[in-house]
Amino acid sequence: MSEVKRGRPRQYDRDEVLDEAVAVFSSRGYAATTLDELGTAMGMNRPSIYNAFGDKEAVYRHALAHFVAQMHRDVSGQLLDEPNLERALVKFYTKALDVYFGSAPAPGCLVFCTAPAEAIQSPGVRSIVRQLIAELDALLERKFADAQRNGSWPRELDPRGAAKLAQAMLHSIALRVRAGESRRSLARFVRDVVPLLAPHRR
């Protein structure tokens, strides 16, 4: 009897399969997503998913971490590469809109639109959400403080409070996208609100 040779497991690109997981969770949310739907989107069967990532919650945590890293990389460049505070904020929110409107129907933000509900029950998800909020606060605070030091932002204002308010606007944009508000409307929202966040020095 000839020996039956086992085939090698199909190789997968981690970033690509996590992109697909992000897309599924973004459109359906965590609770409504099944492992079968994830497997179809990721091109992996259940055993492969378990071996590579773990159960559904583990896949969700990996997808969140992947999305957070990608978002942080993208939006930080928009903020730090532009010296003018007002233009930097417009670019920051515009890049977020690019991400939030990345598919149809527009899913908004995976973190701000799906993770808060899961964070109550999952310490791992809560940690990822808390980390993203803290990193964005620090990044925005740095930008406001830099503008304050170079004299282009009022000295009497608080960079830390402004950073939290600027991030709150990002959360609002994500929820408005999820609720179906148009990109044109949200681009106008950005144009109207950014001058309030970045008033010229008095």
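Numbers here are sequence positions counted from 1.
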Atom pair CG/CE of D19 and M42 - distance to nearest 0.5 Å:
10.5 Å

Evaluate the side-chain contact (heavy atoms from CB on, under 4.5 Å) criterion for residues L140 and L165: first the C-alpha distance (whole Å), next the side-chain angles of each, then the deciding distance (0.1 Å), finally the verdict.
CA-CA 10 Å; L140 287 159; L165 184 59; over 6 Å; no

Step through the shown structure and confirm whether more than 12 heavy atoms of other residues, nucleotides or ligands are within 6.0 Å of CZ on R142.
no

Rounded to the nearest 0.5 Å, what separates atom CZ in R87 from atom CG in D81?
13.0 Å

Euclidean distance, D137 CG relative to Q167 CD, rounded to 0.5 Å:
4.5 Å

Side chains of R176 and S172 only: does a donor on one sit below 3.5 Å from an acceptor on the other?
yes

Does K56, at its NZ atom, have more than 12 non-hydrogen atoms belonging to other residues, nucleotides or ligands within less than 6.0 Å?
yes

Smallest heavy-atom separation, V177 atom then L97 atom, equals CG2-CD2, 4.4 Å

Checking side-chain polar atoms at under 3.5 Å, does S48 have a donor or acceptor matched by the opposite partner on N51?
no

State the CD-CD1 distance between E118 and I128, to the nearest 0.5 angstrom.
12.0 Å

Is D146 salt-bridged to R149, going by a charged N under 4.0 Å from an acidic O?
yes

Establish whether L136 and V193 are linked, either directly or via other cluster members, by ILVMFWY side-chain heavy-atom contacts under 4.5 Å.
yes

Atom pairs and distances, donor-acceptor, side-chain atoms in residues 98-109, under 3.5 Å, two or more places apart:
residue, atom, partner, partner atom, Å
D98, OD1, R183, NH1, 3.0
D98, OD1, R183, NH2, 2.6

Do L175 and L170 land in one hydrophobic cluster if side-chain heavy atoms of ILVMFWY residues count as linked below 4.5 Å?
no

Evaluate the criterion side chain to side chain donor-acceptor pair (under 3.5 Å) for residue pair Y60 and T114; output intermediate values, then yes/no.
CA-CA 10 Å; Y60 183 67; T114 70; 2.7 Å; yes

So does D36 pair up with R46, basic N to acidic O under 4.0 Å?
yes

Step-by-step side chain to side chain donor-acceptor pair (under 3.5 Å) determination, R14 to H62
CA-CA 10 Å; R14 182 180 177 84; H62 283 289; 3.1 Å; yes

Under 3.5 Å, which donor-acceptor pairs link side chains of residues 68-78 to any protein atom two or more places apart or in another chain?
residue, atom, partner, partner atom, Å
S76, OG, H72, O, 2.7
S76, OG, R73, O, 3.2

Looking only at the side chains, is there a donor atom on one of S185 and E181 sitting less than 3.5 Å from an acceptor on the other?
yes

Could you measure the distance from the CG atom of L157 to the CZ atom of F144? Nearest 0.5 Å is fine.
9.5 Å

When rounded to the nearest 0.5 angstrom, what is the spacing between CG in L196 and CE in M169?
9.0 Å

